[in-house]
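Numbered from 1 within each chain, the chains take letters A, B, ... in sequence-line order.
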Amino acid sequence: MSEVAPSSGLKAVSTTPARLAGTGARLLVVDDDCMNSALLSERLHLEGYVVEVANDGQTALDKLGAETFELVLLDIVMPDMDGYDVLKKIKADPKLQDIPVIMISGLDDLNSVARCIEIGADDYLPKPYKPVLLQARINACLEKKQLREQEQKMYRALVESQKHLAAELNEAAEYVISLLPPPMTGEVTTEWCFIPSTQLGGDSFGYHWLDEENLAIYLLDVCGHGVGAALLSISAMNVLRAQSLANTDFRDPAQVLMGLNEAFQMDRQNNMYFTIWYGVFNKKKREISYARGGHPPAVLVTGETKETSERIELKSPGLVVGTMAGVIYRSKRQAVGKYAELFLFSDGVYELTNSEERMWDYQKFLETLTAEPPEGQKRLDHIVASAKAFRGSGNFEDDYSFLRIVL
Amino acid sequence: MELTVDTLEGGIKCVRLAGRMDLKGTQSIEARFNAETGALKQSVIVEMAGVGFIASIGIRLLLANIKQLNPAGAKIVFCRPQKMVEDVLRLSGLDSVAEIAADEAEAVKLLKGV
């Protein structure tokens with residue numbers, strides 16, 4: 001049912017640079033008219049394509065199912081299964097639907113062409129074929145297919161790389177969590193909550209006995225969050241865990257902060273700094289000595305009994321760590337009563353904004369520290385729930401680190 | 001964020017900041033703030049009445065410029081910060097390396113060392 005343009009046009013077509021794009025590609029010509037399909041096949045073969053012919057719809061589908069083709073030239077008018085039906089079956093088959101299809105139709109048959117394009121055909125070729133048009137449309141379809149395949153390949157590579165990156169970040173996040181101390185029980189009990197705002201946070205904290213009497217307690221917060229902040233946070237925390245600052249008595253908070261300040265100057269740390277609260281609880285004297293490097297004060301709730309306890313903010317002057325060399329930090333001391341709860345946290349626990357862009361009130365936050373939790377809820381869970389309730393939906397904007405120690 | 005520059009009586013330079021000094025806000029003024037403060041090696045008043053919030057990234061910008069000015073014998077005086085911003089400046093210890101004034105007259109006095 002097709003007409004083929006005279007082969008005299010072949011020479012002109014073979015000189016067009018665009019033809020090179022399709023050379024070697026496997027095409028399937030579907031036409032019930034054996035003469036036309038043979039002529040078209042020969043023309044395309046001479047152009048450098050590998051061509052298969054099917055003279056009816058079912059044979060075409062069988063060939064498509066069994067072999068790989070890069071493009072189908074499909075006649076619309078065929079007996080039994082016409083071009084529409086073949087096209088529908090191609091586009092309904094997940095294995096075949098990406099193969100571009102060029103419909104072959106009469107010039108006066110534009111309505112049929114429009115219908116084919118709606119079903120999913122890529123282009124159409126009016127009869128009789130103009131060699132330049134034939135070549136241009138085949139090349140355009142093949143190029144489009146190649147681009148789509150490249151795009152899919154790149155997308156798959158991107159997904160793969162993201163998966164890989166996510167797995168590595170997970171591993172790093174697990175490492176950070178593994179460095180955080182297990183809860184302590186006995187004469188001192190601890191509980192904590194750590195919710196990084198991104199996969200890796202810039203907060204870290206810890207506590208460990210320096211000797212039989214002195215317990216070191218600290219929480220630090222690197223400016224910003226994410227991988228860079230986490231790396232600095234871990235470095236500083238490992239120094240504290242290993243007590244590896246030269247000429248530093250780790251029972252003296254001011255000495256520790258001065259040592260950290262010299263060791264972690266921001267011009268050597270990719271312009272990052274951190275804030276820290278570092279304290280040492282002496283269980284014999286029942287006293288906390290502490291120093292602060294630009295960090296929110298820890299809060300001590302203490303007294304002879306819980307009922308008579310009061311809330312004390314453990315403040316002291318002190319610049320953020322790593323910004324200026326030679327900064328002097330000073331330790332302060334605070335007596336600890338028989339009843340004592342110590343809270344350490346990062347600013348992310350109270351610098352919260354809700355959906356109305358309203359900030360949480362710091363005083364209200366302090367009140368939640370001593371507010372009795374509802375029955376059956378732990379104190380720390382209640383504090384976190386209060387923050388979440390204020391924030392509304394969504395994650396915390398900053399890392400959320402909270403440490404509660406009963407002394 | 002917005003950054004404008006004024007010259008007060010006596011030729012004292014005043015950089016006025018307004019907006020949220022969070023990551024996005026700080027990045028939007030960082031280059032200009034550096035150029036108008038630390039890079040000039042001259043004492044400057046930084047008026048902050050229009051700043052409603054400051055995050056650690058904002059503190060970093062302020063500190064980086066204080067760090068450039070102090071060795072040159074120059075300084076930054078922060079002027080009229082809102083309560084919450086002033087609390088964060090003091091919490092971060094910036095008041096140990098720069099001064100905070102309640103109004104422009106006090107800021108000028110502090111800048112002149114009167």
J.: Tell me, for D347(A) versus chain B, whether the close heavy atoms (under 4.5 Å) come from the side chain, the backbone, both or neither.
T.: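 Neither part, no heavy atoms under 4.5 Å.
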J.: I'd like to know whether CZ of R60(B) has more than 12 heavy-atom contacts from other residues, nucleotides or ligands below 6.0 angstrom.
T.: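 Check passes, neighbour count above 12.
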J.: Under 6.0 Å from the CZ atom of R311(A), do we count more than 12 heavy atoms belonging to anything else shown?
T.: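 Yes - once you tally the heavy atoms of other residues, nucleotides and ligands closer than 6.0 Å, there are more than 12.
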J.: With a 4.5 Å limit on heavy-atom distance, are the side chains of M266(A) and L63(B) in contact?
T.: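 The answer is no; the side chains never approach within 4.5 Å.
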J.: Let's test your reading of the structure: which of V327(A), D221(A), N271(A) forms the most heavy-atom pairs below 4.5 Å with chain B?
T.: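 Counting heavy-atom pairs under 4.5 Å, the top option is N271(A).
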J.: Closest approach of G93(B) and L319(A), non-hydrogen atoms and distance?
T.: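 Closest heavy-atom pair between G93(B) and L319(A): O-CD1, 3.2 Å.
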J.: Please classify the contact of P296(A) with chain B as side chain, backbone, both or neither, using a heavy-atom distance under 4.5 Å.
T.: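 Both the backbone and the side chain of P296(A) come within 4.5 Å of chain B.
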J.: Between D267(A) and K67(B), what is the shortest heavy-atom contact and its length?
T.: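 For D267(A) versus K67(B), the nearest heavy atoms are OD2-NZ, 3.9 Å.
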J.: Once you round to the nearest 0.5 Å, how far does CG of L91(B) lie from NZ of K315(A)?
T.: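 Spacing of CG (L91(B)) from NZ (K315(A)) equals 8.5 Å.
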J.: Using non-hydrogen atoms only, which part of T275(A) is less than 4.5 Å away from chain B: side chain, backbone, both, or neither?
T.: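 Looking at T275(A), nothing touches chain B.
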J.: Would the distance check show the side chain of Y273(A) and the main-chain N or O of S56(B) forming a donor-acceptor pair, the cut-off being under 3.5 Å?
T.: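 Judged by distance alone, yes, a pair lies under 3.5 Å.
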J.: Please check if the number of heavy atoms outside K41(B) that lie under 6.0 Å from its NZ is greater than 12.
T.: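 Result for NZ/K41(B): enclosed.
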J.: If I measure from the heavy atoms of chain A, does I66(B) come under 4.5 Å with its side chain, its backbone, both, or neither?
T.: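 Its backbone and side chain both get close to chain A.
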J.: Distance from C223(A) atom SG to I57(B) atom CD1, nearest 0.5 Å?
T.: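 One gets 4.0 Å once the value is rounded to the nearest 0.5 Å.
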J.: Give a yes or no on whether E2(B) atom CD has more than 12 heavy-atom contacts from other residues, nucleotides or ligands under 6.0 Å away.
T.: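 Check fails, neighbour count at 12 or below.
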